[in-house]
Structure formats: structure tokens, C-alpha cells
Amino acid sequence: MDIDYPLLLTWAVLISGGIWLFDVFVLKPRREEGQSAPTLVEYARSFFPVLVFVLAMRSFLGEPYQIPSESMVPTLEVGDFILVNKYAYGIRLPVLGTKIVEVGEPERGDIMVFIPPHDSRYFIKRVIGLPGDHIRYENKALYINGERARYEFVREFHDMIGRNAVPVREYQETFDEDPHTTYRYPTKETSREWVVPDDSYFVMGDNRDRSDDSRRWKYVSEAKIVGKAVAIWVHKAPGLNWPTFERNRWI
């Protein structure tokens, strides 16, 4: 089950703050001198500042996020814990997502966390198309505004999918002078084209044939952007494994 932590934190702040204020303006004037506040009030008064601090940090500065799938392999692996910069693309109100301060806009090549149009969970993909861009994907190659991205073959290896060893080709893909690694599987890909609408972005996973992205559900709305992935701070492989710091790095 996915937990909406910002919503839970917001409610915790409102409830604890409400209890504290109710005590200050209603209960406290009625208490006899020297009488202590109820236990619930003491807890609310103690936790309210801490909850406000945590909510502010998660909403406006940074938020941890764990990679749940293979869509961004090899750049990000399942079990990577990443830090999401929440103010890189503007400061937004918690839960509502309304932008209140303009800071910057996503750039092509950024790794972005967002809420897709078909799901309420956080997704993470690479920004491929900006508003107004013409995107074409043909023979597993990207064309952005008519210009083909540059590809350098790195190696071929085999990946186990179920009981089958499937060949995978690794490429360095470059557009806007920003190289990154992508994987391709031996599957057919129909040539398709898109024109990115205003206030929207086209995103794809680096593990191109194992990524659920804009090729299927189209575009990311500007209003649904969460933030920019900036660093891997710890990795925990699935199962009974200890966290490690071997993959710590800036993204």
C-alpha cells in the first residue's frame, strides 16, 4: 500500500496545532492555577513544532524517494534511495501542489519525479521533451525537433527475464551535450511522433524497453511535478540485505 506522507504530515500538523490552540484559548483560561494541561495537549504541544519542521523540509527543500522498478536502470537501480530537490522547479504548496514561487523549469536530460496522469504514485523518468518540442522515436532512436540524438554502442550482455537470458545492448545516448546510458532489448518498436503541449513534458526511462512512460500515457503536466532527483544517498537491495553506501553519488 502506498502511503501519502505529505497528506499525513499535513493532517498531523493541523490536528496537533488545533489541539494546542484550543488549549491556549479555551482550556487554559479555565484551568485552576498550577493545574497541568491534559496529556493529549502536552503531546500536541511537543510534536507540533517538530511536525511543522519536517513538513517544511519535505515540501520545500528535499524529500527521500526509493526507486521501485527497473525503468531507470542502469542510471538508477531498484533499491536506490534518492534525494529529490523540491525547489529546483519552483516552490509548491504541500498536498495541493500549487506553485507559489517560480525558481526554474525542467531541462532536457533532467531526471524528474512527478505524478503521472494515470496513477497517484510518484514516478521517476528522464525529461526528453519540453513544451512545444517535436519528438520522434524510430528504430529505438530519439529525434528531437528533427535532430537525431547521438548514440555510441558500449557493449552487449544478457539479462535474465524469468528463465530466459535476453540480449541487451548498452548505448551512450547524447542530446544537448549531456550523455547518459540507455539499454535496448531485441523488441520491435513502431515509429511514433508526439508534439509536447504547453505546460507539459515528455519523459522516458533509460531502460527503454522496460519502462512505462510517455510513449504510453503521453505527457507530464507541469502541475504534477514533484522535483528533481539530485543524488543517491543509500542503496538497499530487495530482500534481507543491509543498506550500503557504495552507490552514493550526485546524479
J.: Considering only heavy atoms from C-beta outward, does the side chain of P64 approach that of I82 to under 4.5 Å?
T.: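 No; the side chains remain at least 4.5 Å from each other.
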
J.: Are V168 and V73 linked, directly or through intermediate hydrophobic residues, by side-chain heavy-atom contacts shorter than 4.5 Å (ILVMFWY only)?
T.: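 Same hydrophobic cluster.
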
J.: Within 45° of the six-membered ring axis of F157 and under 6.0 Å from that ring's centre, is NZ or CZ of R155 located there?
T.: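 Yes.
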
J.: For a salt bridge (Lys or Arg N to Asp or Glu O under 4.0 Å) with R208, tell me which candidate from E173, E70, E170 qualifies.
T.: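 Per the salt bridge (Lys or Arg N to Asp or Glu O under 4.0 Å) rule, the option paired with R208 is E173, out of E173, E70, E170.
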
J.: May I have the step-by-step check of salt bridge (charged side-chain N to carboxylate O under 4.0 Å, His left out) for E222 and K99, ending in yes or no?
T.: CA-CA 10 Å; E222 192 277 337; K99 186 185 291 187; 2.7 Å; yes

J.: Taking atom CD1 of I124 and atom CD1 of I67, what is their separation to the nearest 0.5 Å?
T.: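 Rounded to the nearest 0.5 Å, the CD1-CD1 separation comes out at 4.0 Å.
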
J.: Regarding S200 and K218, do their side chains bring together a donor and an acceptor under 3.5 Å, going by distance alone?
T.: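 No, no side-chain donor-acceptor contact under 3.5 Å.
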
J.: Quick check: closest heavy atoms across S71 and K125, and the distance to 0.1 Å?
T.: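 Scanning both residues completely, I find the closest heavy atoms to be OG-NZ, 3.0 Å.
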
J.: Can you list, by chain and residue number, the hydrophobic cluster partners of Y137 when the side-chain cut-off is 4.5 Å?
T.: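 When side chains under 4.5 Å apart are linked, the cluster holding Y137 also contains I128, I135, L142, I144, Y151, F153, Y171, F175, W194, V196, F202, M204, Y219.
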
J.: So if you build clusters from Ile, Leu, Val, Met, Phe, Trp, Tyr with side-chain heavy-atom gaps below 4.5 Å, do Y65 and I251 land together?
T.: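 As far as the 4.5 Å side-chain criterion goes, I251 and Y65 are connected within one cluster.
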
J.: Could you check if a side-chain atom of Y143 sits within less than 4.5 angstrom of a side-chain atom of E138, using non-hydrogen atoms only?
T.: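 Counting from C-beta outward, Y143 and E138 do come under 4.5 Å.
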
J.: I'd like to know if V103 and I225 are part of one continuous hydrophobic network [Ile/Leu/Val/Met/Phe/Trp/Tyr, side-chain heavy atoms within less than 4.5 Å].
T.: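 Different clusters.
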
J.: Mind listing the closest non-hydrogen atom pair of P167 and E156 along with its distance?
T.: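 Scanning both residues completely, I find the closest heavy atoms to be CB-OE2, 3.8 Å.
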
J.: Does the distance from a Lys or Arg side-chain N to an Asp or Glu carboxylate O, for E177 and R150, drop under 4.0 Å?
T.: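 R150 and E177: salt-bridged.
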
J.: Under the criterion salt bridge (charged side-chain N to carboxylate O under 4.0 Å, His left out), I'd like the reasoning laid out for R126 against D110: C-alpha separation, chi angles, the key distance, then a yes or no.
T.: CA-CA 6 Å; R126 189 178 297 278; D110 285 358; over 6 Å; no

J.: Heavy-atom distance under 4.5 Å between the side chains of N85 and E63, does that happen here?
T.: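 Of all side-chain heavy-atom pairs linking E63 with N85, none is under 4.5 Å.
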
J.: Between W217 and F123, what is the shortest heavy-atom contact and its length?
T.: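 The pair with the smallest heavy-atom distance is CZ2-CD2, 4.1 Å.
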
